[in-house]
Engineer: 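Please see the structure below; I have some questions.
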Amino acid sequence: MKAIAPDRGISDSELEALLLAIEGHSTSDIAKQLGIREEAVRKRLGEVYKKFHITGFGPGKLAKLQQLLVSLYQEHQMRSREQREPGEKNARSYQDWEEVPTVSAFYGRTQELAALEQWIVKDRCRLVALLGIGGIGKTTLTAKLVKQIQGEFQFIIWRSLRRTPPINEFLDDLLLCFPHQKTDIPSNTDSKISRAIEQLRSSRCLLILDDVEAILNKGIAGHYREGYESYGELIRRLGEKPHQSCILILSLEKPKEVALLERENLPARSLQLSGLKAPEAREILKSKGLPEDSEWDTLIKLYRGNPLALKIIATTIQEFFAGSVTEFLQYNTLVIGDISDFLEQQFDRLSELEKDIMYCLAIAQEPISLPKLREQFFLPVSPSGLLEALESLRQRSLIEKGQDSATGFTLQPVIMEFVTNRLVEQVCEEIATQKLDKIQLLRNQILFEIPAQNTLKNLETRPIVTRIKNRLFTMFRNEKLIEAKLSEIQSLLQDKSPLEIGYVDNNVRYLLEQFKSKLTSPLKEEQL
């Protein structure tokens, strides 16, 4: 690319004129902009394609030309600035890091850092999304990255959307970061977006948008909250329109515009961040003062290398188990305090179908194939709806595949325990309320595997049952009272339609059979 400019003898003004002319993306639009016939435009474009050795057919040639001219124009601009203002690059830079959290330590992530630097600095991507579950280290990684590449930019602006600013408020704040924008800011959203793109075109800027999930809606991943749809228009135009800047999005889930721009081969990329590898994760445990333990790798695997989760649990192990990971694992719990809190926030973002899928996987406690999963729902689920929900959960890093494609889907251990705890609590609350309109999980979920014989004595208890029985004993402390509660629910089913009953009758009948039998008290059974 660097050799093209001298060979072609193209000036900055000529490049800029070409860029502005082809921005319409069609020969008819270009003809209207230049005030000439469309045949003349085709002829001139043919000459330009030949000049730049662009081959192919259709609108793809025009897109290739645009990308080439953007890169060439950016290099001309940077070369001109360096010639006019040698040694003044850092003096002219502007950095607004007021919303960047303090990063005290950084572990691993060399491959991720290299990939992001390649996309942003060398490939000149206009839009990059860094995605991952809460606590996985998106913000920490970005802070490290920015320190490495800050010399490549005139402007670095970091903004969090956690407080969900309206789009016009956000754009006003953004525009005020640039010189000569203290006044004369447009009044409507579309014009503000256009002005922002002008600034990103004239200056090399890195704009980081953190906590983008805050403006996204609950339900299927990637859609916007009501009143925040204009952020989608902003992201789309920032990815489509030529400029020399980069917008880095940090989010729990991928905005739909990013997925679309990636598929269209525009300069947009996304990176799904996974947990730390064992050597780097071990450094976190060392930093928390834990003595070496043979179970360190087990702990890291259970938490899937999530840096925040490991920091939280390491503190707990230090304070309550004298630093012994082995003793902590024997205590048989993974979800505590802050870990439960950030999982709760992410679970509450899910659609009802996504929640039902999570409950199905928690009940099974093992991988479920796609056909088997579809059979678990009382009400039919369309194949497209199920696949959409699974893809949404995958984007949110809440489900994972088994060891091979045939084993299906499951939950990682920490999420499995969290969802199981939540399911047990909700089922027991439904039993306690004794109101049919409040019963959801007992109606929608098969808590017990029902063999072909379909008799109560042959029912195979799923592991979730022990947890439910234990919780009911804790709540009521009286076996007869529990039986009365379950019998009352059965009486509510009289004269109800199959749609209203669902799986309630089978679930309640089995629980009654368990409590009426002379089995050992659930409180003495081994907990999961």
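The first residue in the sequence is number 1, and the count goes up from there. Worth knowing before you read on, the calculation uses all heavy atoms, side chains too, and leaves out hydrogens, waters and symmetry mates.
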Engineer: Can you tell me if Glu417 uses its side chain to pair, donor with acceptor, with the backbone of Pro413 under 3.5 Å?
Structural biologist: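 Answer holds: no.
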Engineer: Can you tell me how far apart CD1 (Ile157) and CG (Leu207) are? Round to the nearest 0.5 Å.
Structural biologist: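 The distance works out to 6.0 Å.
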Engineer: Ignoring hydrogens and geometry, is there a side-chain-to-backbone donor-acceptor pair from Gln148 to Val146 under 3.5 Å?
Structural biologist: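 Not a single qualifying donor-acceptor pair exists.
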Engineer: Is it true that Glu283 and Lys286 have a side-chain N and a carboxylate O under 4.0 angstrom from each other?
Structural biologist: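 Here Glu283 pairs with Lys286 in a salt bridge, since their nearest N and O are under 4.0 Å apart.
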Engineer: Just by distance, do the side chain of Glu117 and the backbone of Ile149 share a donor-acceptor pair under 3.5 Å?
Structural biologist: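 No; zero donor-acceptor contacts below 3.5 Å.
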Engineer: Test side chain to side chain contact (heavy atoms under 4.5 Å, CB included) on Leu334 and Ile313 and set out the steps.
Structural biologist: CA-CA 8 Å; Leu334 299 175; Ile313 211 66; over 6 Å; no
Engineer: Within a strict 4.5 Å, meaning less than it, do heavy atoms of the Glu233 and Ile193 side chains meet?
Structural biologist: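 Counting from C-beta outward, Glu233 and Ile193 do come under 4.5 Å.
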Engineer: Please check if the side chain of Glu253 supplies one atom and the backbone of Ser392 the other of a donor-acceptor pair under 3.5 Å.
Structural biologist: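 It does not hold such a pair.
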Engineer: Drop me the distance from His243's NE2 to Ile197's CD1, to the nearest 0.5 angstrom.
Structural biologist: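 One gets 6.5 Å once the value is rounded to the nearest 0.5 Å.
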Engineer: I'd like to know if the side chain of Arg236 reaches the main chain of Gly232, judged simply by a donor and an acceptor atom lying under 3.5 Å from each other, with no hydrogens or angles considered.
Structural biologist: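 Between the backbone of Gly232 and the side chain of Arg236 there is no qualifying donor-acceptor contact (under 3.5 Å).
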Engineer: If you take all heavy atoms of Ala362 and Thr420, which pair is closest and at what distance?
Structural biologist: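 The pair with the smallest heavy-atom distance is CB-OG1, 3.6 Å.
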Engineer: Return the set of residues passing side-chain hydrogen bond (donor to acceptor under 3.5 Å, both in side chains) with Ser397 (not counting sequence neighbours), or none when no residue passes.
Structural biologist: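 Partners of Ser397 under the side-chain hydrogen bond (donor to acceptor under 3.5 Å, both in side chains) test: Gln272.
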Engineer: Run the side chain to side chain contact (heavy atoms under 4.5 Å, CB included) check on Ile363 and Ile446 step by step: do they pass?
Structural biologist: CA-CA 8 Å; Ile363 291 169; Ile446 305 174; over 6 Å; no
Engineer: Are Asp210 and Leu248 side-chain neighbours, meaning at least one heavy-atom pair lies under 4.5 Å?
Structural biologist: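 Contact flag for Asp210/Leu248 side chains = no.
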Engineer: Within this structure, what is the CD-SG distance for the pair Glu152 and Cys246, rounded to the nearest 0.5 Å?
Structural biologist: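 Taking CD in Glu152 and SG in Cys246, the distance rounds to 12.0 Å.
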Engineer: What I'd like to find out is whether the side chain of Val335 reaches to under 4.5 Å of the side chain of Val414, using heavy atoms alone.
Structural biologist: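 In short, these two side chains touch, coming nearer than 4.5 Å.
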Engineer: Using 4.0 Å as the upper bound for N to carboxylate O, is an ion pair formed by Arg237 and Asp190?
Structural biologist: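 Judged by the 4.0 Å cut-off on N to carboxylate O distance, Asp190 and Arg237 do form a salt bridge.
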Engineer: Under 3.5 Å, is there a donor-acceptor pair between the Ser191 and Arg195 side chains?
Structural biologist: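 Note: Ser191 and Arg195 side chains miss the donor-acceptor criterion.
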Engineer: Could you check whether Phe178 and Phe155 have their ring centres less than 6.0 Å apart?
Structural biologist: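 Judged by ring-centre distance (under 6.0 Å), Phe155 and Phe178 do meet the cut-off.
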Engineer: Is the closest basic N to carboxylate O distance between Arg159 and Asp173 below 4.0 Å?
Structural biologist: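 Between Asp173 and Arg159 there is a salt bridge, with a charged N closer than 4.0 Å to a carboxylate O.
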Engineer: Will you find, in the side chains of Gln118 and Asp123, an N or O donor that is under 3.5 Å from an N or O acceptor?
Structural biologist: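 Gln118 vs Asp123: donor-acceptor pair found between side chains.
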Engineer: Keeping the roles fixed (side chain from Arg204, backbone from Gln244), state whether a donor-acceptor pair exists under 3.5 Å.
Structural biologist: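 Yes, because the side chain of Arg204 sits within donor-acceptor range (under 3.5 Å) of the backbone of Gln244.
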Engineer: If we ignore hydrogens and angles and just use 3.5 Å, is the side chain of Asn306 paired with the main-chain N or O of Gly134 as donor and acceptor?
Structural biologist: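 Side chain of Asn306 to backbone of Gly134: a pair is present.
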Engineer: I'd like to know if the side chain of Tyr359 reaches the main chain of Arg422, judged simply by a donor and an acceptor atom lying under 3.5 Å from each other, with no hydrogens or angles considered.
Structural biologist: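 Such a contact is absent between Tyr359 side chain and Arg422 backbone.
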Engineer: Got a salt bridge between Glu240 and Arg126, using NZ or NE/NH1/NH2 to carboxylate O under 4.0 Å?
Structural biologist: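 Result for this pair is no, no salt bridge flagged.
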Engineer: Could you tell me which non-hydrogen atom of Met358 sits nearest to which non-hydrogen atom of Leu393, and how far apart they are?
Structural biologist: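 Taking Met358 first and Leu393 second, the nearest heavy atoms are SD-CD2, 4.0 Å.
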Engineer: Could you give me the CA-CA distance, side-chain angles and deciding distance for Phe418 and Leu343, then say whether side chain to side chain contact (heavy atoms under 4.5 Å, CB included) is met?
Structural biologist: CA-CA 8 Å; Phe418 168 79; Leu343 288 176; 3.8 Å; yes
Engineer: Are Arg304 and Glu400 ion-paired here, with the side-chain N under 4.0 Å from a carboxylate O?
Structural biologist: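 Counted as a salt bridge, because a side-chain N and a carboxylate O are separated by less than 4.0 Å.
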Engineer: Taking the side chain as everything from C-beta on, heavy atoms only, tell me whether Ile249 gets closer than 4.5 Å to Leu130.
Structural biologist: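 No, their side chains stay 4.5 Å or more apart.
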Engineer: What is the distance from atom CG of Asp356 to atom CG of Asn444, rounded to the nearest 0.5 Å?
Structural biologist: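 Going from the CG atom of Asp356 to the CG atom of Asn444 covers 5.5 Å.
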Engineer: Are Ser351 and Glu354 close enough that a side-chain donor and a side-chain acceptor fall under 3.5 Å?
Structural biologist: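 Distance-only check passes for Ser351 and Glu354.
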Engineer: Tell me the closest heavy-atom pair linking Leu423 and Leu447, and the distance in Å.
Structural biologist: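 Distance-wise, the nearest heavy atoms are CD2-CD2, 4.4 Å.
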Engineer: Please set out all donor-acceptor pairs under 3.5 angstrom arising from side-chain atoms of residues 378-385, sequence neighbours excluded.
Structural biologist:
{"from": "Ser382", "atom 1": "OG", "to": "Ser384", "atom 2": "OG", "distance (Å)": "3.4"}
{"from": "Ser382", "atom 1": "OG", "to": "Gly385", "atom 2": "N", "distance (Å)": "3.0"}

Engineer: If I take atom SG from residue Cys360 and atom CD from residue Glu375, how far apart are they, to the nearest 0.5 angstrom?
Structural biologist: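 It comes to 11.0 Å.
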Engineer: Hey, are the side chains of Ile120 and Phe153 touching, using non-hydrogen atoms and a 4.5 Å cut-off?
Structural biologist: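 Side chain of Ile120 against side chain of Phe153, heavy atoms only: contact under 4.5 Å found.
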Engineer: Given side chains that start at C-beta, do those of Thr140 and Phe106 come closer than 4.5 Å, heavy atoms only?
Structural biologist: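 Of all side-chain heavy-atom pairs linking Phe106 with Thr140, at least one is under 4.5 Å.
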Engineer: Are Asp172 and Lys192 side-chain neighbours, meaning at least one heavy-atom pair lies under 4.5 Å?
Structural biologist: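 Yes, their side chains come closer than 4.5 Å.
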Engineer: Between Ser203 (side chain only) and Cys205 (backbone N and O only), is there a donor and an acceptor less than 3.5 Å apart?
Structural biologist: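 Absent.
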Engineer: Does Arg394 use its side chain to pair, donor to acceptor, with the backbone of Ile399 at less than 3.5 Å?
Structural biologist: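 No.
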Engineer: Indicate the atoms forming the closest heavy-atom contact of Leu441 with Glu430, along with that distance.
Structural biologist: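 In terms of heavy atoms, the two residues are closest at N-OE2, 2.9 Å.
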Engineer: Pick out which of Ile415, Val419, Leu411 makes a side-chain contact (heavy atoms from CB on, under 4.5 Å) with Leu361.
Structural biologist: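 Result for side-chain contact (heavy atoms from CB on, under 4.5 Å) with Leu361: Leu411.
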Engineer: Report the distance from atom CG of Leu299 to atom CZ of Arg282, rounding to the nearest 0.5 Å.
Structural biologist: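 Reported value, rounded in 0.5 Å steps: 10.5 Å.
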Engineer: Test Leu234 against Phe170 for side chain to side chain contact (heavy atoms under 4.5 Å, CB included), laying out the working first.
Structural biologist: CA-CA 11 Å; Leu234 171 65; Phe170 169 78; 3.8 Å; yes
Engineer: Can you confirm whether Ile339 sits close enough to Leu308 that some side-chain heavy atom of one is under 4.5 Å from a side-chain heavy atom of the other?
Structural biologist: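 No, their side chains stay 4.5 Å or more apart.
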Engineer: If we ignore angles and hydrogens, is there a donor and acceptor under 3.5 Å between the side chains of Asp211 and Ser251?
Structural biologist: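 Per modelled atom types, Asp211 and Ser251 side chains form no pair under 3.5 Å.
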Engineer: For the residue pair Glu257 / Tyr231, report whether a side-chain donor-acceptor contact shorter than 3.5 Å exists.
Structural biologist: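 Distance-only check fails for Tyr231 and Glu257.
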Engineer: State, without any angle test, whether Glu262 and Ser270 hold a side-chain donor-acceptor pair at a distance under 3.5 Å.
Structural biologist: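 Result is yes, a qualifying pair exists.
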Engineer: Show, in sequence, the C-alpha distance, side-chain angles and deciding distance for Glu112 and Arg109, and conclude whether the salt bridge (charged side-chain N to carboxylate O under 4.0 Å, His left out) test is met.
Structural biologist: CA-CA 5 Å; Glu112 294 90 339; Arg109 303 292 193 199; 3.3 Å; yes
Engineer: After noting the C-alpha distance and the side-chain angles of Glu280 and Lys277, does the key distance pass the salt bridge (charged side-chain N to carboxylate O under 4.0 Å, His left out) rule?
Structural biologist: CA-CA 6 Å; Glu280 291 81 19; Lys277 296 178 181 178; over 6 Å; no
Engineer: Where is the tightest heavy-atom contact between Gly239 and Leu261, given as atom of each residue plus distance?
Structural biologist: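 Heavy atoms of Gly239 and Leu261 come nearest at CA-CD1, 3.8 Å.
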Engineer: If you look at every heavy atom in Leu252 and Ile133, which pair is closest and at what distance?
Structural biologist: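 Closest heavy-atom pair between Leu252 and Ile133: CD2-C, 3.9 Å.
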